Student: 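One structure coming up, written as structure tokens, with questions to follow.
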Amino acid sequence: MEWKEALPLLQDNHTGVAISVSPKGRAQATVVSTAVLDGKVGFASRGYTVKVKNIQRSGRATITVIKLDTRRYVTVEGPASVEPWQDTPAHIKRLKELYAAMGRAPKGDEEFAKQMRDEQRTLVLVTPERVYGSLRSGA
């Protein structure tokens, strides 16, 4: 599957599963809200979570985004970058861009910044290296 073919599902659906690998080689999966940002699939998380630690260690992740009503999905595998929490306007702006791409644009700047600060939100982005899934009925 090509990135361009997958993009509509990725942009219109935001329920996903982030998969990382533990130090013992086990898959660790977590339900996340996703969005496309900078040509990558991403999510925000508290920085101290197991998934973020696994991704920082391995430098890789997989995200499967699901269209819940039809069970169509796209999986994106590849190198992953972690933008750790920074209490800076630039980092908060990046988080706002991610949330807006999820269709969850923050209403108040100060309230959003406070929530991100309280939760110390980290941004995780997966660069598409391998893209596959099921986009058609009966596939």
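Below, each value reflects all heavy atoms present in this structure, side chains not excepted, and no hydrogens, waters or symmetry copies. Everything numeric here is computed off the predicted structure, so don't read it as measured data.
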Student: Using 4.0 Å as the upper bound for N to carboxylate O, is an ion pair formed by Glu2 and Lys4?
Tutor: no
Student: Output yes when a side-chain donor or acceptor of Ser45 lies under 3.5 Å from a complementary backbone atom of Gly47, and no otherwise.
Tutor: no
Student: Pair Tyr73, Leu9 - check side-chain contact (heavy atoms from CB on, under 4.5 Å), show working.
Tutor: CA-CA 8 Å; Tyr73 68 94; Leu9 186 139; 5.6 Å; no
Student: Looking at Tyr132, is Arg130 sitting on its ring face, NZ or CZ under 6.0 Å from the six-membered ring centre and within 45 degrees of the normal?
Tutor: yes
Student: Do the side chain of His14 and the main chain of Thr34 share a donor and acceptor less than 3.5 angstrom apart?
Tutor: yes
Student: Evaluate the side-chain hydrogen bond (donor to acceptor under 3.5 Å, both in side chains) criterion for residues Gln28 and Thr30: first the C-alpha distance (whole Å), next the side-chain angles of each, then the deciding distance (0.1 Å), finally the verdict.
Tutor: CA-CA 7 Å; Gln28 192 274 332; Thr30 307; 3.0 Å; yes
Student: Roughly how far, to the nearest 0.5 Å, is the CE atom of Met116 from the CH2 atom of Trp85?
Tutor: 8.0 Å
Student: Please answer whether the main-chain N or O of Arg121 pairs with a side-chain N or O of His91 as donor and acceptor at a distance below 3.5 Å.
Tutor: yes
Student: Does a side-chain N-to-carboxylate-O contact under 4.0 Å join Lys67 and Asp12?
Tutor: no
Student: Are Ile63 and Phe43 close enough, and set up right, to give a side-chain contact (heavy atoms from CB on, under 4.5 Å), and what steps lead you there?
Tutor: CA-CA 9 Å; Ile63 299 178; Phe43 62 92; 3.7 Å; yes
Student: Rounded to the nearest 0.5 Å, what's the gap from OG1 on Thr62 to CD on Glu129? Could you check?
Tutor: 9.5 Å
Student: Test side-chain contact (heavy atoms from CB on, under 4.5 Å) on Val65 and Val76 and set out the steps.
Tutor: CA-CA 8 Å; Val65 178; Val76 176; over 6 Å; no
Student: Using a strict threshold of under 4.0 Å (side-chain N to carboxylate O), is an ion pair present between Asp38 and Arg94?
Tutor: yes
Student: Apply the test side-chain contact (heavy atoms from CB on, under 4.5 Å) to residues Leu135 and Met1: give CA-CA distance (whole Å), side-chain angles for both, the deciding distance (0.1 Å), then the verdict.
Tutor: CA-CA 10 Å; Leu135 295 177; Met1 171 182 302; 3.7 Å; yes
Student: Have Thr75 and Glu77 got a donor and an acceptor in their side chains that come within less than 3.5 Å?
Tutor: no
Student: When you check the gap from the basic side-chain N to the acidic O, do Glu110 and Lys114 get nearer than 4.0 Å?
Tutor: no
